[in-house]
Amino acid sequence: MGIIVSTILQGLLWGLMAIGVFLTFRVLDMPDMTAEGSFPLGAAVCVTLIRSGVHPLIAALVGGFSGMLAGAMTALLITKCGLPALLAGILTMTGLYSINLRILGRANLSLNGYQKMDNLLDSFHFPPYFNMLFIAVAIIGVIVILLALLFKTEAGQALIATGDNEQMARSMAINTDLMKIYMLMLSNGLIALAGAFIAQDSGYADISSGIGTIVIGLASVIIGEVIFGRVSLTYRFICVILGSIIYRFILMLVIRLGLNPNDLKLISAILLAICLALPQLRMKLKQLVFLKKEV
Amino acid sequence: MTAYQFEIQHIHQTFHKGTANEHHVLKGIDLKVKKGDFICLIGGNGSGKSTLLNAISGSFPIDEGKLLLKQKEIQSLKEYQRAKFIGRVFQDPNLGTSPRMTIAENLSIAQKRGAKRSFIKRATSSNAVKQFSKEVEMLELGLENRLNTEIGLLSGGQRQAITLLMSVLQKPELLLLDEHTAALDPKIAKFIMKKTNELITKQHLTAMMVTHNLQDALSYGNRLIMMQAGKIVLDLNQTEKEKMTVEELYQLFSQ
């Protein structure tokens, strides 16, 4: 029971990060590597603030805000300096490594003995993991609702149009550069917020925790797409979270099967590569069957 | 002094300057456009007609010259800023619409062209959808019943019809049509051309249309301009245009 609740909780928290990745990779159609730096940035800022006595919720929010700044940095490199999106993200991510080290002061900083978000519900005496689960459901629920509403507004539609057809957006007087800045800030803000929540949940911030965030995020997005198919944007957000939870269950099973946790990143990468290659492989298979029939 | 709706003053444009591929595409274009003018622009491939249209809409900053829209200089404005006053329809039907958004959502984007886009107000309110339904009905394609269909699922012709509607939903000071029927089958091309003419006449729009169809160039509009090697070589008014036949025009065209 405990392991299932904790897996769902992990899925929810990482799902928030995956939504951030979804916003850039899918909605904006831009591969943004900043995530690998903004995720540990949120964690580092949050943990450092908690250790200096800041309320855990405020610390998490400030962590999220720091991610927005990181996103803005990448966006400025892309829109004002004309860098390719991939390179701009890698530059910010690399720079953030040093910044994160500066904030943490060392590679790993623990929250042992400090007040964390889940301690806020201690007086209710829920079973283990449930404190954080309730908090996560509430916060992520609110965020998903706000996102769904945002993308239905006039400005939200302009954000979608920028990712869908930039030429059309510009010819409709949409400032596409500004839209990209907004989207990268929103995306990295959510990713850093997730980093802050996950740091509080695991009880520490680690300089290398950002490695693989893109793969985890994309895997959640793709699993959601493969299982739930083509749905409207509002449901896509929920599918990404569900995809993230399923991904956590797959990882749990893999560990249960006795595989070395050190191999997890490799397994994740292979899993994602298979998922991404699936449509192409299916086509090849069809051609193969077709050719055989011809002969 | 007559106030012109739109003026082009001595535009020059060279691509790949200082390289072996240097190409002087526009060689001093001057043009005065009156309000309500519907200009057909013809010319061979590489004559610079599309470049001229792109220079007006701001796809690239021009090397030299001025663009005056209602006496205001627009040549230093960015593409999205000029789009507040300029409506466009492209040759490629995929360029003018957002494929993953529905017909209604695309129209709502167009309805807000040049206006402030709110972070609070819902884009496709029921009132707006009612209005879109009426506008789309005018296209006579039955699309008014498919307002919630994603544009990506429509045919090229249907998409181009929606793009045309989107370009005039907010009345533009200048409408630019870049071979907007060239990628369509003859039947739908004729239909889109007819609708274009209807919209321009009904709303008294000022328009410039690039076309390779000499018959269209003679049948539509009140002025005909021919470009060759980056220059305007022929400028016919309504009466001169009416006297011209396709054969005569073809003779001039092939010179």
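Computed from a predicted structure; not experimentally measured. Here is the naming used below: chain letters follow the sequence lines, and residue numbers restart at 1 for every chain.
- Interface check for chain A: of the options B/Gly114, B/Pro99, B/Gly152, the most heavy-atom pairs under 4.5 Å are formed by B/Pro99.
- Residue A/Tyr182 touches chain B through its side chain alone, counting heavy-atom pairs closer than 4.5 Å.
- Of the atoms belonging to B/Ile120, it is backbone heavy atoms, and not side-chain ones, that fall under 4.5 Å from chain A.
- The shortest non-hydrogen separation linking B/Ser167 to A/Met172 is N-CE, 4.4 Å.
- Salt-bridge check for B/Glu150 with A/Arg230: passed, with a basic side-chain N closer than 4.0 Å to an acidic carboxylate O.
- Between chain B and the residues A/Ala161, A/Gly163, A/Ala173, A/Ala158, the largest count of heavy-atom pairs under 4.5 Å involves A/Ala173.
- From B/Arg113, atom CZ reaches atom OG of A/Ser171 across 8.5 Å, with rounding to the nearest 0.5 Å.
- Proximity to chain A involves both the backbone and the side chain of B/Glu105, based on heavy atoms less than 4.5 angstrom apart.
- Judged by distance alone, with hydrogens and angles left aside, the side-chain atoms of A/Asn175 form no donor-acceptor pair with the main-chain N or O of B/Tyr80 at under 3.5 Å.
- When each of B/Met101, B/Lys84, B/Lys116, B/Arg88 is checked for heavy-atom pairs under 4.5 Å with chain A, B/Met101 comes out on top.
- Residue A/Asp164 comes nearest to B/Ser98 through the heavy atom pair OD2-OG, 2.5 Å, listed as atom of the first residue, atom of the second, then distance.
- A pairwise comparison of heavy atoms in B/Asn94 and A/Asn165 identifies O-ND2, 3.1 Å as the closest pair.
- In this structure the side chain of B/Phe90 reaches within 4.5 angstrom of the side chain of A/Gln167, judged on heavy atoms.
- Taken from CZ in A/Arg170 to OG in B/Ser57, the straight-line distance is 10.0 Å, to the nearest 0.5 Å.
- Distance NZ/B/Lys78 to CG/A/Asp177: 6.5 Å, rounded to 0.5 Å.
- Checked options B/Thr163, B/Leu95, B/Asn106; the residue passing with A/Met168 is B/Asn106 (criterion: side chain to side chain contact (heavy atoms under 4.5 Å, CB included)).
- Between the side chain of A/Glu154 and the main chain of B/Ser118, a donor-acceptor pair closer than 3.5 Å is present.
- By the 6.0 Å contact criterion, CZ on A/Phe65 is open, its count of non-hydrogen atoms from other residues, nucleotides or ligands being 12 or less.
- Here the CZ-CG distance, from B/Phe119 to A/Leu149, works out to 13.5 Å after rounding to the nearest 0.5 Å.
- A/Ile174 places a side-chain heavy atom less than 4.5 Å from the side chain of B/Ile109.
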